[in-house]
Number of protein chains: 4
Amino acid sequence: MNKVILIGNVGADPEIRRTQDGRPIANLRIATSETWRDRNSGERREKTEWHTVVVFNEGLCKVVEQYVKKGAKLYIEGQLQTRKWQDQQGQDRYSTEVVLQGFGSTLTMLDGRGEGGGASGGRGSGAGGNDYGDDYGAPAPASSPSRGGGSGGNFSRDLDDDIPF
Amino acid sequence: MNKVILIGNVGADPEIRRTQDGRPIANLRIATSETWRDRNSGERREKTEWHTVVVFNEGLCKVVEQYVKKGAKLYIEGQLQTRKWQDQQGQDRYSTEVVLQGFGSTLTMLDGRGEGGGASGGRGSGAGGNDYGDDYGAPAPASSPSRGGGSGGNFSRDLDDDIPF
Amino acid sequence: MNKVILIGNVGADPEIRRTQDGRPIANLRIATSETWRDRNSGERREKTEWHTVVVFNEGLCKVVEQYVKKGAKLYIEGQLQTRKWQDQQGQDRYSTEVVLQGFGSTLTMLDGRGEGGGASGGRGSGAGGNDYGDDYGAPAPASSPSRGGGSGGNFSRDLDDDIPF
Amino acid sequence: MNKVILIGNVGADPEIRRTQDGRPIANLRIATSETWRDRNSGERREKTEWHTVVVFNEGLCKVVEQYVKKGAKLYIEGQLQTRKWQDQQGQDRYSTEVVLQGFGSTLTMLDGRGEGGGASGGRGSGAGGNDYGDDYGAPAPASSPSRGGGSGGNFSRDLDDDIPF
DNA sequence: TTTT
DNA sequence: TTTT
């Protein structure tokens, strides 16, 4: 288990790079902030934390490319990853990033910008990174009749096979 | 581990009850929705799920009482809990709720309503349920010098003892 | 956002049903427990919460079918869903379940049972529900050179298209 | 929202430091690993990610001090934090850590080591970081009668005031 | 560098 | 440097 969940604002328009074979990679800077009140002075104080988010997931990259701009509020779910690199002096350096890459990765816009724009849903919404023109059938139709009810329904979803998360 | 995370909208103004000893308990109905596009018709479809949220945590109840209204967008973190009760025929019935009660429970307003009203932070923001006039010192000042740096700072926080989450 | 995370033990061997078109659906009962010490008596006390988990995701169903037995310790990530049904008196009844169905759903064995059996990983491990004989290339190879380093790598993953989570 | 959830193994015995005023700070290295099967060769492959975890929370530090050893399997919930420091050349360097500091921070042992040792619970278990000799009353006793039942119970918990998470 |  |  290696999961990061962020809700925050994008500090600058995303950078989109492409690999040699044309695959997009998006880089985002996300700010999360917390506020508290000083115990002594009673003043409100704030601390902002900045996160680097790297989106390898192609579908999510498309969402980023089309909809995410500086200032957008995002819900992000990814993994922590530290990569090693060498600086100009040849010294080892490490950078830790929140990586969105397939399994368990999500990006949802929370401020209603973007196409159609809803945001309260986890799975969906127009700009939510989960809606690439696919249909994943009727949502969760039913469950075990043995536990008391349920029609049985049609269970037409095929999430394993054809949904590109 | 028993954790529920919801981001959704409040369906009606919260009900606040009080126990005999005056402790508040808030009940909320929260809608989360997901949208998707029908594979055949290409139409956008939506499914909404409704959740019952019960807030036992006193600080969070105050936030609910003061700031949460019908339509508010909330971030909720709590636990799943099923309680048994008898209906009028004396039959056992079960209700499953998302309970906010201390440890790991959170409620944050995401739409900037309420006092001061920020929302992007996890720990804080005016109406965020984490800001009861307390000060929890300077945020996380530093870390192990042995891993390369850090001033050591003053580590003045006393989160274990005096912060009422 | 509608997410449930559970770590707990399976109360009985899973039930696997099949839909008319042959799709499997697994039902699990999971216990999460918490302990605490009584403030007055100093005694240790415990409370167990039982959850019904319904696995629609076909790949995860296979994992359940092959590896999950009574007593297994599982990590579960799914969505809360309440369905309505009628009891024998024709009254409306509601059951709330944790549904594993595609996006953001996970099931990982935490006790090293099952094929090869690892458990500490988030994405994988032999019986972890994320390992259906696929290769998703080299893991997250690199990131934006503009932020200081990184070879660029080969970015050979194709998680959007061919990984059946 | 700034949350990190890790389940992994401790790479070395924790380091415990103390601030000038005697407050403990624990440093942990945690490995999370994922495995997958190579698409071409069919070989099992593995990637391990290492995380630095800094525990400021005093109660959790005690748990670490007493129970956490090299090899322990832990559940960690904390926040991402990047701190800036200067290396010996005076250059700015950054380190990103998972910080456990009050609100929403958790550490639970998952391998049944430690006093009493359970692990499946989220809130508790003997060595689970949530059990400092406190009583938080009867667990979540009830909910809104208006939604169909529940005795009302005694609501004796006082989580806001006296539980030192 | 964001947002409230 | 862990674990499976």
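To find a chain, count down the sequence lines: A is the first, B the second, and so on, and within it residues start at 1. Below, each value reflects all heavy atoms present in this structure, side chains not excepted, and no hydrogens, waters or symmetry copies. All values derive from a computational prediction rather than experimental measurement.
- Rounded to whole Å, the distance from CG on A:Leu6 to P on E:dT1 is 21 Å.
- Here the P atom of nucleotide F:dT2 and the CG atom of A:Asn2 are 19 Å apart, to the nearest Å.
- Summarising the geometry, the separation between OH on B:Tyr75 and C1' on E:dT4 is reported as 18 Å, rounded to the nearest angstrom.
- Applying the 3.5 Å distance criterion, the base of E:dT1 shares no donor-acceptor pair with the side chain of A:Thr48.
- Note: NZ (D:Lys73) to P (F:dT2) measures 15 Å, nearest angstrom.
- Computed from coordinates, the A:Arg45 CZ to E:dT3 P distance equals 22 Å when rounded to whole Å.
- Taking the 5.5 Å centre cut-off and the 30° plane limit, the aromatic side chain of A:Trp50 is classed as stacked on E:dT1.
- A search for salt bridge (charged side-chain N to carboxylate O under 4.0 Å, His left out) contacts involving A:Glu49 returns A:Lys47, not counting sequence neighbours.
- Under the rule for a side-chain hydrogen bond (donor to acceptor under 3.5 Å, both in side chains), A:Tyr94 has no partner lying at least two apart in sequence or in another chain.
- Across E:dT2, F:dT1, F:dT3, the shortest atom-to-atom separation from the side chain of D:Arg29 is found for F:dT1.
- Closest contact between the side chain of D:Glu46 and the listed nucleotides F:dT4, F:dT1, E:dT2 involves F:dT4.
- The distance from atom CG of A:Asp13 to atom C1' of E:dT2 is 11 Å, rounded to the nearest whole Å.
- Inspection of the D:Trp85 and D:Ser95 side chains reveals an N or O donor paired with an N or O acceptor under 3.5 Å.
- Look at NZ on A:Lys70: it is 7 Å from P on E:dT3, rounded to the nearest Å.
- The interatomic distance linking D:Glu49 (CD) with F:dT2 (P) rounds to 16 Å, in whole Å.
- Checked options A:Leu28, A:Asp13, A:Ile25; the residue passing with A:Val64 is A:Leu28 (criterion: side-chain contact (heavy atoms from CB on, under 4.5 Å)).
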